[in-house]
Colleague: 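The structure under discussion is supplied below as C-alpha coordinates; questions concerning it will follow.
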Amino acid sequence: MTEIHLVPCLKDNYAYILHEPRTRAVAVVDPSEAAPVIDALRARGLALTHILNTHHHFDHTGGNLELKERTGARIIGPRADADRIPGIDIQVGQGDLVAIGTAIARVYDIPAHTRGHIAFWFEEAKAVFTGDTMFAMGCGRLFEGTPDQMWQSLSTLARLPADTRVYCGHEYTQSNGRFALSLEPGNADLVARMKEVDDLRQRGLPTIPSTIGLELKTNPFLRPDSDELRRTLKMERAAVVEVFAETRRRKDVF
Ligand code: ZN
Ligand code: FE
(Lines give C-alpha, C1' and ligand atoms only; values in the text may rest on other atoms or scores of the structure.)
(Ligands and ions follow the chains in the order given, each with its own letter.)
Protein backbone atom coordinates (compact mmCIF):
# COMPACT_ATOMS: atom_id res chain seq x y z
CA MET A 1 0.00 0.00 0.00
CA THR A 2 1.43 3.36 -1.06
CA GLU A 3 2.04 5.74 1.83
CA ILE A 4 1.95 9.50 1.63
CA HIS A 5 3.70 11.69 4.21
CA LEU A 6 3.29 15.41 4.51
CA VAL A 7 6.40 17.60 4.84
CA PRO A 8 5.83 21.23 5.89
CA CYS A 9 8.19 23.59 4.03
CA LEU A 10 8.84 27.35 4.04
CA LYS A 11 5.98 29.29 5.65
CA ASP A 12 2.85 27.48 4.45
CA ASN A 13 3.97 25.05 1.71
CA TYR A 14 3.62 21.28 1.78
CA ALA A 15 5.87 18.83 0.01
CA TYR A 16 4.69 15.21 0.01
CA ILE A 17 6.73 12.03 0.23
CA LEU A 18 5.13 9.13 -1.61
CA HIS A 19 6.52 5.73 -0.61
CA GLU A 20 5.78 2.56 -2.54
CA PRO A 21 7.07 -0.15 -0.17
CA ARG A 22 7.04 -3.14 -2.56
CA THR A 23 9.88 -1.76 -4.71
CA ARG A 24 11.04 0.90 -2.22
CA ALA A 25 10.40 3.65 -4.75
CA VAL A 26 10.13 7.05 -3.09
CA ALA A 27 8.98 10.28 -4.70
CA VAL A 28 8.73 13.79 -3.32
CA VAL A 29 6.12 16.11 -4.78
CA ASP A 30 6.91 19.86 -5.02
CA PRO A 31 9.94 20.20 -2.72
CA SER A 32 10.28 23.95 -2.04
CA GLU A 33 13.46 23.26 -0.12
CA ALA A 34 15.73 20.27 0.38
CA ALA A 35 16.45 20.25 4.13
CA PRO A 36 13.02 19.30 5.53
CA VAL A 37 12.66 16.64 2.84
CA ILE A 38 16.09 15.15 3.64
CA ASP A 39 15.18 15.10 7.35
CA ALA A 40 11.83 13.41 6.66
CA LEU A 41 13.47 10.78 4.42
CA ARG A 42 16.17 10.10 7.01
CA ALA A 43 13.66 9.78 9.84
CA ARG A 44 11.87 7.04 7.89
CA GLY A 45 14.97 5.38 6.42
CA LEU A 46 13.87 6.11 2.84
CA ALA A 47 16.01 6.74 -0.28
CA LEU A 48 14.60 9.23 -2.77
CA THR A 49 14.14 7.94 -6.35
CA HIS A 50 11.90 10.58 -7.99
CA ILE A 51 11.02 14.27 -7.74
CA LEU A 52 7.63 15.33 -9.13
CA ASN A 53 6.85 18.99 -9.88
CA THR A 54 3.34 20.31 -10.54
CA HIS A 55 4.59 23.71 -11.80
CA HIS A 56 7.65 25.89 -12.05
CA HIS A 57 7.21 28.29 -9.13
CA PHE A 58 10.18 28.44 -6.77
CA ASP A 59 8.12 27.37 -3.76
CA HIS A 60 7.48 24.05 -5.58
CA THR A 61 10.88 23.44 -7.22
CA GLY A 62 13.40 25.22 -4.95
CA GLY A 63 14.71 21.92 -3.56
CA ASN A 64 15.06 20.17 -6.93
CA LEU A 65 18.77 20.60 -7.64
CA GLU A 66 20.06 19.94 -4.13
CA LEU A 67 17.88 16.84 -3.76
CA LYS A 68 18.93 15.56 -7.19
CA GLU A 69 22.60 16.12 -6.38
CA ARG A 70 22.38 14.39 -3.00
CA THR A 71 20.18 11.44 -4.00
CA GLY A 72 20.40 11.01 -7.78
CA ALA A 73 16.59 11.20 -8.00
CA ARG A 74 15.04 11.76 -11.42
CA ILE A 75 13.02 14.94 -11.89
CA ILE A 76 9.64 14.68 -13.63
CA GLY A 77 7.75 17.83 -14.55
CA PRO A 78 5.48 19.56 -17.07
CA ARG A 79 6.58 19.43 -20.71
CA ALA A 80 4.89 22.78 -21.39
CA ASP A 81 7.21 24.43 -18.84
CA ALA A 82 10.31 22.25 -19.19
CA ASP A 83 12.58 25.28 -19.60
CA ARG A 84 11.47 26.61 -16.22
CA ILE A 85 11.80 23.37 -14.17
CA PRO A 86 15.27 23.20 -12.57
CA GLY A 87 17.08 19.93 -13.43
CA ILE A 88 14.16 18.33 -15.29
CA ASP A 89 14.91 14.81 -16.64
CA ILE A 90 11.51 13.59 -17.85
CA GLN A 91 8.87 15.83 -19.44
CA VAL A 92 5.22 14.80 -19.11
CA GLY A 93 1.81 16.11 -20.15
CA GLN A 94 -1.85 15.22 -20.60
CA GLY A 95 -2.47 11.45 -20.49
CA ASP A 96 1.10 10.38 -19.73
CA LEU A 97 1.66 7.70 -17.10
CA VAL A 98 4.36 8.05 -14.44
CA ALA A 99 5.57 4.98 -12.52
CA ILE A 100 6.88 5.35 -8.98
CA GLY A 101 7.73 1.69 -8.56
CA THR A 102 4.36 -0.04 -8.92
CA ALA A 103 2.42 3.13 -8.06
CA ILE A 104 1.15 4.61 -11.31
CA ALA A 105 0.11 8.24 -11.80
CA ARG A 106 -1.83 9.65 -14.70
CA VAL A 107 -0.89 13.21 -15.67
CA TYR A 108 -3.46 15.90 -16.39
CA ASP A 109 -2.71 19.29 -17.90
CA ILE A 110 -4.41 21.84 -15.64
CA PRO A 111 -3.16 25.27 -16.81
CA ALA A 112 -4.12 28.77 -15.58
CA HIS A 113 -2.12 29.34 -12.37
CA THR A 114 0.86 28.76 -14.67
CA ARG A 115 0.69 27.82 -18.33
CA GLY A 116 2.39 24.43 -17.73
CA HIS A 117 0.69 23.32 -14.50
CA ILE A 118 0.01 19.57 -14.21
CA ALA A 119 -1.64 17.22 -11.71
CA PHE A 120 -0.56 13.67 -10.81
CA TRP A 121 -3.47 11.29 -10.13
CA PHE A 122 -2.61 8.00 -8.42
CA GLU A 123 -5.78 6.03 -9.04
CA GLU A 124 -4.97 2.97 -6.94
CA ALA A 125 -3.65 5.07 -4.06
CA LYS A 126 -6.73 7.32 -4.36
CA ALA A 127 -4.65 10.50 -4.31
CA VAL A 128 -4.21 13.53 -6.53
CA PHE A 129 -1.49 16.16 -6.23
CA THR A 130 -3.03 19.45 -7.33
CA GLY A 131 -0.20 21.95 -6.69
CA ASP A 132 -1.56 25.51 -6.78
CA THR A 133 -4.62 24.76 -8.95
CA MET A 134 -7.09 23.26 -6.46
CA PHE A 135 -6.63 24.11 -2.78
CA ALA A 136 -8.79 22.96 0.11
CA MET A 137 -11.84 25.24 -0.35
CA GLY A 138 -9.85 27.39 -2.80
CA CYS A 139 -8.11 27.73 -6.14
CA GLY A 140 -4.84 29.27 -7.28
CA ARG A 141 -4.37 32.74 -8.65
CA LEU A 142 -4.57 33.23 -12.40
CA PHE A 143 -0.98 34.21 -13.16
CA GLU A 144 -0.68 32.77 -16.67
CA GLY A 145 -4.20 31.85 -17.73
CA THR A 146 -7.82 32.90 -18.01
CA PRO A 147 -10.84 32.20 -15.80
CA ASP A 148 -12.13 29.88 -18.52
CA GLN A 149 -8.91 27.84 -18.45
CA MET A 150 -8.98 27.61 -14.66
CA TRP A 151 -12.61 26.52 -14.72
CA GLN A 152 -11.71 23.76 -17.20
CA SER A 153 -8.73 22.72 -15.08
CA LEU A 154 -10.77 22.57 -11.86
CA SER A 155 -13.53 20.69 -13.68
CA THR A 156 -10.99 18.06 -14.79
CA LEU A 157 -10.02 17.49 -11.15
CA ALA A 158 -13.64 17.59 -9.98
CA ARG A 159 -14.45 14.61 -12.23
CA LEU A 160 -12.04 12.33 -10.32
CA PRO A 161 -13.70 9.81 -7.97
CA ALA A 162 -15.24 11.48 -4.91
CA ASP A 163 -13.03 9.50 -2.50
CA THR A 164 -9.81 10.74 -4.14
CA ARG A 165 -7.67 12.47 -1.53
CA VAL A 166 -6.59 15.99 -2.54
CA TYR A 167 -2.99 16.96 -1.68
CA CYS A 168 -2.49 20.64 -2.52
CA GLY A 169 0.53 22.92 -2.38
CA HIS A 170 -0.32 25.20 0.53
CA GLU A 171 -2.01 25.37 3.93
CA TYR A 172 -4.48 28.10 2.92
CA THR A 173 -7.55 26.23 4.13
CA GLN A 174 -8.65 28.47 6.98
CA SER A 175 -8.54 31.75 5.02
CA ASN A 176 -10.11 30.02 2.01
CA GLY A 177 -12.90 28.80 4.26
CA ARG A 178 -13.60 32.30 5.62
CA PHE A 179 -14.00 33.51 2.05
CA ALA A 180 -16.23 30.54 1.21
CA LEU A 181 -18.46 31.31 4.22
CA SER A 182 -18.86 34.92 3.05
CA LEU A 183 -20.47 33.55 -0.14
CA GLU A 184 -22.43 30.58 1.26
CA PRO A 185 -23.11 31.20 4.96
CA GLY A 186 -26.05 28.77 4.75
CA ASN A 187 -24.01 25.82 3.42
CA ALA A 188 -24.20 23.33 6.32
CA ASP A 189 -21.33 21.20 4.96
CA LEU A 190 -19.17 24.29 4.81
CA VAL A 191 -20.05 25.41 8.33
CA ALA A 192 -19.26 21.93 9.68
CA ARG A 193 -15.99 21.73 7.79
CA MET A 194 -14.84 25.13 9.05
CA LYS A 195 -15.44 24.00 12.63
CA GLU A 196 -13.08 21.09 12.02
CA VAL A 197 -10.55 23.28 10.22
CA ASP A 198 -10.52 25.89 13.00
CA ASP A 199 -10.04 23.13 15.55
CA LEU A 200 -7.12 21.56 13.61
CA ARG A 201 -5.39 24.91 13.09
CA GLN A 202 -5.81 25.85 16.73
CA ARG A 203 -3.89 22.69 17.56
CA GLY A 204 -1.27 23.48 14.89
CA LEU A 205 -2.28 20.50 12.73
CA PRO A 206 -2.56 20.33 8.93
CA THR A 207 -5.96 20.35 7.24
CA ILE A 208 -4.67 18.27 4.30
CA PRO A 209 -5.68 15.99 2.63
CA SER A 210 -9.17 16.87 1.60
CA THR A 211 -11.23 14.76 -0.82
CA ILE A 212 -12.82 15.58 -4.16
CA GLY A 213 -16.23 14.81 -2.62
CA LEU A 214 -15.69 17.28 0.22
CA GLU A 215 -14.41 19.93 -2.20
CA LEU A 216 -17.53 19.57 -4.35
CA LYS A 217 -19.65 20.33 -1.26
CA THR A 218 -17.58 23.18 0.19
CA ASN A 219 -15.22 24.77 -2.37
CA PRO A 220 -16.89 27.90 -3.81
CA PHE A 221 -14.76 27.66 -6.95
CA LEU A 222 -16.43 24.32 -7.77
CA ARG A 223 -19.89 25.65 -6.93
CA PRO A 224 -20.86 28.28 -9.53
CA ASP A 225 -24.19 26.40 -9.74
CA SER A 226 -25.02 27.06 -6.08
CA ASP A 227 -28.20 29.14 -5.70
CA GLU A 228 -26.94 30.74 -2.51
CA LEU A 229 -23.57 31.67 -4.04
CA ARG A 230 -25.31 33.15 -7.07
CA ARG A 231 -27.67 35.15 -4.84
CA THR A 232 -24.71 36.55 -2.87
CA LEU A 233 -23.02 37.61 -6.11
CA LYS A 234 -26.32 38.85 -7.61
CA MET A 235 -25.60 36.63 -10.62
CA GLU A 236 -28.65 34.34 -10.57
CA ARG A 237 -28.83 34.05 -14.34
CA ALA A 238 -25.16 34.33 -15.35
CA ALA A 239 -23.19 31.61 -17.14
CA VAL A 240 -21.22 29.20 -14.97
CA VAL A 241 -17.83 30.54 -16.12
CA GLU A 242 -18.91 34.13 -15.38
CA VAL A 243 -19.88 33.15 -11.83
CA PHE A 244 -16.56 31.36 -11.41
CA ALA A 245 -14.64 34.39 -12.75
CA GLU A 246 -16.43 36.77 -10.37
CA THR A 247 -15.73 34.42 -7.43
CA ARG A 248 -12.02 34.44 -8.34
CA ARG A 249 -12.02 38.27 -8.67
CA ARG A 250 -13.59 38.66 -5.24
CA LYS A 251 -11.05 36.33 -3.66
CA ASP A 252 -8.24 38.52 -5.04
CA VAL A 253 -9.46 41.41 -2.88
CA PHE A 254 -10.97 39.52 0.09
ZN1 ZN B 1 2.45 28.49 -7.61
FE1 FE C 1 2.83 27.86 -4.47
Side-chain angles (χ1 to χ4, degrees), residues 4-18 27-37 40 51-67 75-88 91-94 107-121 127-154 156-157 165-177 179 197 201 206-210 215 219 221-222 244 247-249 251-254:
I4 296 169
H5 308 289
L6 183 149
V7 185
C9 293
L10 303 179
K11 184 168 141 274
D12 53 27
N13 276 84
Y14 290 127
Y16 299 100
I17 290 173
L18 184 141
V28 63
V29 182
D30 283 356
S32 3
E33 43 180 349
V37 175
I51 297 167
L52 306 181
N53 294 133
T54 61
H55 67 294
H56 75 87
H57 284 157
F58 181 78
D59 62 313
H60 299 256
T61 60
N64 275 18
L65 295 180
E66 186 180 342
L67 287 170
I75 299 178
I76 302 171
R79 181 177 300 121
D81 255 334
D83 56 340
R84 297 197 283 183
I85 302 288
I88 191 166
Q91 304 177 18
V92 295
Q94 182 69 31
V107 175
Y108 289 99
D109 285 335
I110 49 167
H113 177 68
T114 61
R115 81 167 178 251
H117 201 302
I118 56 175
F120 297 92
W121 175 44
V128 63
F129 296 92
T130 61
D132 288 357
T133 296
M134 181 189 288
F135 294 121
M137 292 189 275
C139 92
R141 285 179 185 269
L142 306 179
F143 289 124
E144 300 175 9
T146 63
D148 190 59
Q149 275 178 318
M150 182 56 99
W151 172 245
Q152 297 306 327
S153 294
L154 289 175
T156 296
L157 298 172
R165 293 171 294 167
V166 177
Y167 293 90
C168 59
H170 291 266
E171 179 62 64
Y172 290 160
T173 313
Q174 200 169 33
S175 61
N176 285 340
F179 174 69
V197 165
R201 294 311 291 157
T207 62
I208 311 300
S210 170
E215 290 309 311
N219 187 328
F221 297 98
L222 301 181
F244 169 78
T247 306
R248 184 56 263 182
R249 271 192 292 276
K251 180 64 167 66
D252 288 341
V253 295
F254 182 71

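First listed ligand is number 1; within each ligand, the first listed atom is number 1.
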Colleague: For the Fe ion (ligand 2), decide whether H60 has an N, O or S atom at a distance under 2.8 Å.
Modeller: yes
Colleague: Would you call F221 and M150 a side-chain contact if the rule is heavy atoms closer than 4.5 Å?
Modeller: no
Colleague: Name whichever N, O or S atom of D59 ends up nearest to the Fe ion (ligand 2).
Modeller: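 Looking only at N, O and S atoms of D59, the one nearest the Fe ion (ligand 2) is named OD2.
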Colleague: Do the side chain of H60 and the main chain of T54 share a donor and acceptor less than 3.5 angstrom apart?
Modeller: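 Looks like no, no N/O pair under 3.5 Å.
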Colleague: Applying side-chain contact (heavy atoms from CB on, under 4.5 Å) to N13 and D30, what does each step give before you reach the verdict?
Modeller: CA-CA 9 Å; N13 276 84; D30 283 356; over 6 Å; no
Colleague: Over all heavy atoms of both residues, which pair between N176 and M137 is shortest? Give the atoms and the distance, please.
Modeller: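 Minimum heavy-atom separation between N176 and M137: CB-O, 3.5 Å.
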Colleague: Decide, counting backbone as well as side-chain atoms, whether D132 has an N, O or S atom less than 2.8 Å from the Fe ion (ligand 2).
Modeller: yes
Colleague: Return the number of protein N, O or S atoms with a distance to the Zn ion (ligand 1) smaller than 2.8 Å.
Modeller: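 Considering protein N, O and S only, the Zn ion (ligand 1) has 4 within range.
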Colleague: Parallel, tilted or perpendicular: which fits the ring planes of F179 and F254, with parallel below 30° and perpendicular above 60°?
Modeller: perpendicular
Colleague: Please tell me whether T61 and N53 have a donor and an acceptor in their side chains that are separated by less than 3.5 angstrom.
Modeller: no
Colleague: Looking only at heavy atoms, what is the nearest atom pair of H56 and I85, with distance?
Modeller: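 Here H56 and I85 meet closest at CA-CD1, 3.6 Å.
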Colleague: Hey, are the side chains of H170 and Y14 touching, using non-hydrogen atoms and a 4.5 Å cut-off?
Modeller: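 Sidechains of Y14 and H170: no contact.
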Colleague: Do any of the N, O or S atoms of H57 sit under 2.8 Å from the Fe ion (ligand 2)?
Modeller: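 Here the distance criterion (N, O or S atom, under 2.8 Å) is not met by H57, so no.
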